[in-house]
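Contents: one structure, followed by commentary.
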Amino acid sequence: MALPFFKSAEIEPPADIEAASLRSDRFRLEREVDWQRLEQIVTALEKGRPKRISDEDLLDLPVLYRKTASSLAVARETSLDAATLGYLEALVRRAWFQIYGPRIGLFGWLRRFIGGGWSTSVREIWLDICISFAVMVAGTMIGWLLVARDREWFYALVPGEMAGGRVPGADRAVLEESLSQAENAEGLSMFAAYLFSNNTGVTIMAFALGFAFGVPTLLLLIYNTALLGAMLWVFADAGLGLEFISWLSVHGTTELGAIMLGGAAGLHVGRTMAFPAERSILAAMRDAGVRAAQVMAGCTIMLIVAGLLEGYARQLVGDTASRLTIGGGMLAFWIIYFAFVRRRPERDA
């Protein structure tokens, strides 16, 4: 028989915990109808079934969203239970996306990007493009002058697998044959493939290295174009300078343009970091990063076009005039696109 003083006592919750629980329950009950109504509307929109939503619910959607967002603010301030807080945060996030989120798919984004978004971003970094272009011209001249002064510089600038037999002092017939049409184009096929893969890597690296205040980007552009200048000297020394330029121009005006834009995007980020003006570095970097990312996305398109031109047009067209026409036409196309294609104003929904 248990003694009375051994009777187990009932543990009552502290008054403040009980009050908080009652307050949370009362808060939820007073507003839960609106939350459930908003959740039903958002769920229907997420499933792509707007016809199942009544006109009254559709008109009340912004009001319900604001009420729920207000409830979330109150829940955070009064430290209500974690379950209610998590539910409201998820619901407000879903509702915000349905009301204010983007209404554009992949193809819509691509149409808007090509229809002016890309070219607008390119024009906004015009100063960095000018710097990148000047550095590339200087690099080509440096490569030319170094090899013209001492031929040993050619072997320091141009990798052996890229040069093949196209070295200073090579026979003119060998060099000329390497520029031939498809049936005799094995001479520079390795050079072309190496150049394309190299330039793709250079474009990406030129952008990525821009975060080091743009200095490595400048050095990379100089080295890459010094390689081109060295190779150009070899053909020019054999009296085939124009033929080499025409061969390269088929895909080179697009490919080198992508490198120039990639370098300019990297320089834009680096220059913004070094000179943020009156903004904070983080704010300046955010704006520059968005702009540079737009430019780099377009560089991907240019490199794809360059690969198609290299794989087909350059192999199928053999005469100098036709090659120059293709290369010059592509150069004119890019200049006109970047200069005159502008973003269309957004239409109000």
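Heavy atoms only: backbone and side chains are in, while hydrogens, waters and symmetry mates are out.
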* To do: Give the C-alpha distance, both sets of side-chain angles, the deciding distance and a yes or no for side-chain contact (heavy atoms from CB on, under 4.5 Å) between Leu242 and Leu324.
  => CA-CA 9 Å; Leu242 181 62; Leu324 286 174; 4.0 Å; yes
* To do: Show the numbers, then the answer: is there a ring pair (Phe, Tyr, Trp, His ring centres under 6.0 Å) between Tyr337 and Trp118?
  => CA-CA 10 Å; Tyr337 172 78; Trp118 176 23; 5.4 Å; yes
* Asked: Step by step, would you call Leu61 with Asp57 a side-chain contact (heavy atoms from CB on, under 4.5 Å)?
  -> CA-CA 6 Å; Leu61 176 58; Asp57 285 344; over 6 Å; no
* **Residues Asp128, Arg291; criterion salt bridge (Lys or Arg N to Asp or Glu O under 4.0 Å); working and verdict** => CA-CA 12 Å; Asp128 306 283; Arg291 198 174 297 117; over 6 Å; no
* Given Thr68 and Tyr65, is the side-chain contact (heavy atoms from CB on, under 4.5 Å) satisfied, shown in steps? -> CA-CA 5 Å; Thr68 307; Tyr65 167 75; 5.8 Å; no
* Do Met330 and Val305 pass the side-chain contact (heavy atoms from CB on, under 4.5 Å) test, and can you show the C-alpha distance, the side-chain angles, and the key distance before you say yes or no? -> CA-CA 10 Å; Met330 290 305 303; Val305 173; 4.0 Å; yes
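A perpendicular orientation is assigned to the rings of Phe207 and Phe211, their planes being inclined by more than 60° (bins at 30° and 60°).
Ala206 approaches Leu220 most closely through the heavy-atom pair N-CD2, 3.6 Å. Contact between Ala288 and Thr272 at its shortest, heavy atoms only, is CB-OG1, 3.5 Å. The minimum heavy-atom distance linking Gly214 with Leu267 is given by the pair O-CD2, 3.6 Å. The minimum heavy-atom distance linking Val250 with Leu309 is given by the pair O-CD1, 3.4 Å. Residues Leu221 and Thr225 share a closest heavy-atom pair of O-OG1, 2.7 Å. A pairwise comparison of heavy atoms in His251 and Ala306 identifies CB-O, 3.6 Å as the closest pair.
The hydrophobic cluster containing Leu127 also contains Met260, counting ILVMFWY residues as joined when their side-chain heavy atoms lie under 4.5 angstrom apart, directly or transitively. No continuous path of hydrophobic side-chain contacts links Met136 to Leu331 [ILVMFWY only; heavy atoms under 4.5 Å]. Residues Val215 and Met205 do not share a hydrophobic cluster, defined by chaining ILVMFWY side chains whose heavy atoms lie under 4.5 Å apart.
Between Arg151 and Asp237 a salt bridge is recorded (basic side-chain N to carboxylate O distance below 4.0 Å).
Checked by atom type and distance alone, the side chain of Ser249 pairs as donor or acceptor with a backbone atom of Ser246 at under 3.5 Å. Distance alone, capped at 3.5 Å, is enough to place a donor-acceptor pair between the Arg123 side chain and the Phe338 backbone. Under a 3.5 Å cut-off, the side chain of Ser70 and the backbone N or O of Arg66 do not form any donor-acceptor pair. For Ser119 (side chain) and Val341 (main-chain N/O), a donor-acceptor pair under 3.5 Å exists by modelled atom type. Using modelled atom types, one side-chain atom of Tyr223 and one backbone atom of Leu157 make a donor-acceptor pair closer than 3.5 Å. Checked by atom type and distance alone, the side chain of Thr217 pairs as donor or acceptor with a backbone atom of Gly210 at under 3.5 Å. The backbone N or O of Val317 sits less than 3.5 Å from a side-chain atom of Arg323, completing a donor-acceptor pair.
Side chains of Arg49 and Thr43: a donor-acceptor N/O pair is absent below 3.5 angstrom, by distance only. Tyr87 and Glu39 share a donor-acceptor pair across their side chains, judged by distance under 3.5 Å alone. Between Trp334 and Thr253, the side chains place no donor N or O within less than 3.5 Å of an acceptor N or O (distance only, hydrogens not considered).
Looking only at side-chain heavy atoms (C-beta outward), Gln294 and Phe113 come within less than 4.5 Å of each other. The side-chain heavy atoms of Val63 and Lys67, taken from C-beta on, include a pair separated by under 4.5 Å. Proximity of Arg94 to Glu46: side-chain heavy atoms (C-beta onward) are separated by under 4.5 Å at one or more points. At least one side-chain heavy atom of Met296 sits under 4.5 Å from a side-chain heavy atom of Thr203. Inter-residue side-chain proximity for Val167 and Tyr155 is flagged as met; some heavy-atom pair is nearer than 4.5 Å. Counting heavy atoms from C-beta on, the side chains of Phe235 and Leu179 come closer than 4.5 Å.
Considering CG of Leu256 and CG of Leu228, their distance stands at 6.0 Å, rounded to 0.5 Å. Considering CG of Leu85 and OG of Ser71, their distance stands at 11.5 Å, rounded to 0.5 Å. How far CZ of Arg271 is from CD1 of Ile125: 9.0 Å, rounded to the nearest 0.5 Å. Rounding to the nearest 0.5 Å gives a distance of 11.0 Å between CG of Leu232 and CG of Leu240. Taken to the nearest 0.5 Å, the CD atom of Glu243 stands 11.0 Å off from the CG atom of Asp319. Distance check, rounded to the nearest 0.5 Å: CG of Leu248 to CD of Glu310 gives 9.5 Å.
A 6.0 Å sphere centred on CH2 of Trp35 holds more than 12 heavy atoms belonging to other residues, nucleotides or ligands. With a 6.0 Å radius and a threshold of 12 heavy atoms from other residues, nucleotides or ligands, Arg172 has its CZ atom above the threshold.
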